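Below: the structure, in structure tokens.
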Amino acid sequence: MGKGAGSLRASKWEGNIYTENGVRKEYGDLSPGRKAAVRAEYKSVANAMHRNLANKSVLLEADNKFIDVGFTRKGLEHVARDAMLTLSGKYMSRSSMVHIDRILAKAEYVPTDHKVYKERKDGKEMFFRYKDKTGRGIYFKVAYNDRAEAGKRYILYSVVDK
């Protein structure tokens, strides 16, 4: 993957799904047909992520304690949707998303206030933030759910660039 301007990493996507008429575009600016192609690819990537990460976890430090961050289908679908639709595939390629555990393992904890800003019905009580240290300019959100089974209380839930 080559780096683009500043801290933005310009990821390579097979078939260049974010390009129309030779111009790289944000997901929202793509034609309906190209958006459909990105959505189809997002579902494929989410499935590949789940196949690779279903039984894996990453040990991370947060607030001076270690947490074991796992991966769920719903969480990985949310991450794939964020990375490919919201962030328009700018920061991670398909391969890096399928192996996102390797990127997360190198991420650095960012002190987090842990507030949940909207009422949630899914049991998530707080979020931890981790900054990617490999130049992508992204943050990972790890959710905590005390209602989940013991090994799945901390899960990768989202990726953002702010």
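All figures in this text were calculated on a predicted structure; none of them were measured in a lab. Index from 1, following the sequence.
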Atom pair CE/CG of M92 and L87 - distance to nearest 0.5 Å: 7.5 Å
NZ-OH distance between K141 and Y157, expressed to the nearest 0.5 angstrom: 9.5 Å
Expected output: side-chain D82 to main-chain S158 donor-acceptor under 3.5 Å: no
Cluster overlap Y18 with L85, hydrophobic side-chain contacts below 4.5 Å: yes
Nearest-0.5 Å distance that lies between atom NZ in K56 and atom CD1 in I100: 12.5 Å
Minimum-distance pair of heavy atoms, taken over all atoms of V98 and A48: CG2-CB, 3.8 Å
E20 side-chain N/O to S31 backbone N/O, donor-acceptor pair under 3.5 Å: yes
Closest non-hydrogen atom pair, Y91 against G137: CE2-O, 4.3 Å
Nearest atoms (heavy-atom pairs only) where A80 meets M97: CA-CE, 3.6 Å
K43 NZ to M84 CE distance, which is reported to the nearest 0.5 Å: 11.5 Å
Single hit among V45, T72, L76 for side chain to side chain contact (heavy atoms under 4.5 Å, CB included) with H50: L76
S88 and R24 side chains, donor-acceptor separation under 3.5 Å: no
Pair V58-R102, side chain to side chain contact (heavy atoms under 4.5 Å, CB included): steps then yes or no: CA-CA 8 Å; V58 175; R102 297 174 187 168; over 6 Å; no
Backbone of S96 reached by a side-chain donor or acceptor of S93 within 3.5 Å: yes
Whether Y144 and Y154 hold their rings parallel, tilted or perpendicular, with breakpoints at 30° and 60°: tilted
Atom pair OG1 (T19) and CG (L30), whose distance is rounded to the nearest 0.5 Å: 8.5 Å
Non-neighbouring partners of K106 that pass salt bridge (Lys or Arg N to Asp or Glu O under 4.0 Å), sequence neighbours left out: none
Heavy-atom closest contact (V159 atom, I138 atom, distance): CG2-CD1, 3.8 Å
Interatomic distance, R94 atom CZ to M49 atom CE [nearest 0.5 angstrom]: 10.5 Å
Results of salt bridge (Lys or Arg N to Asp or Glu O under 4.0 Å) for E61 - residues two or more places apart only: none
Test side chain to side chain contact (heavy atoms under 4.5 Å, CB included) applied to V79 and L156, L104, L53, the passing residue: L156
pair N52-F71: side-chain heavy atoms closer than 4.5 Å: no
Under 3.5 Å: donor-acceptor pair, side chain of R81, backbone of Y42: no
Residues I67, K65; criterion side chain to side chain contact (heavy atoms under 4.5 Å, CB included); working and verdict: CA-CA 7 Å; I67 61 174; K65 71 175 188 172; 4.1 Å; yes
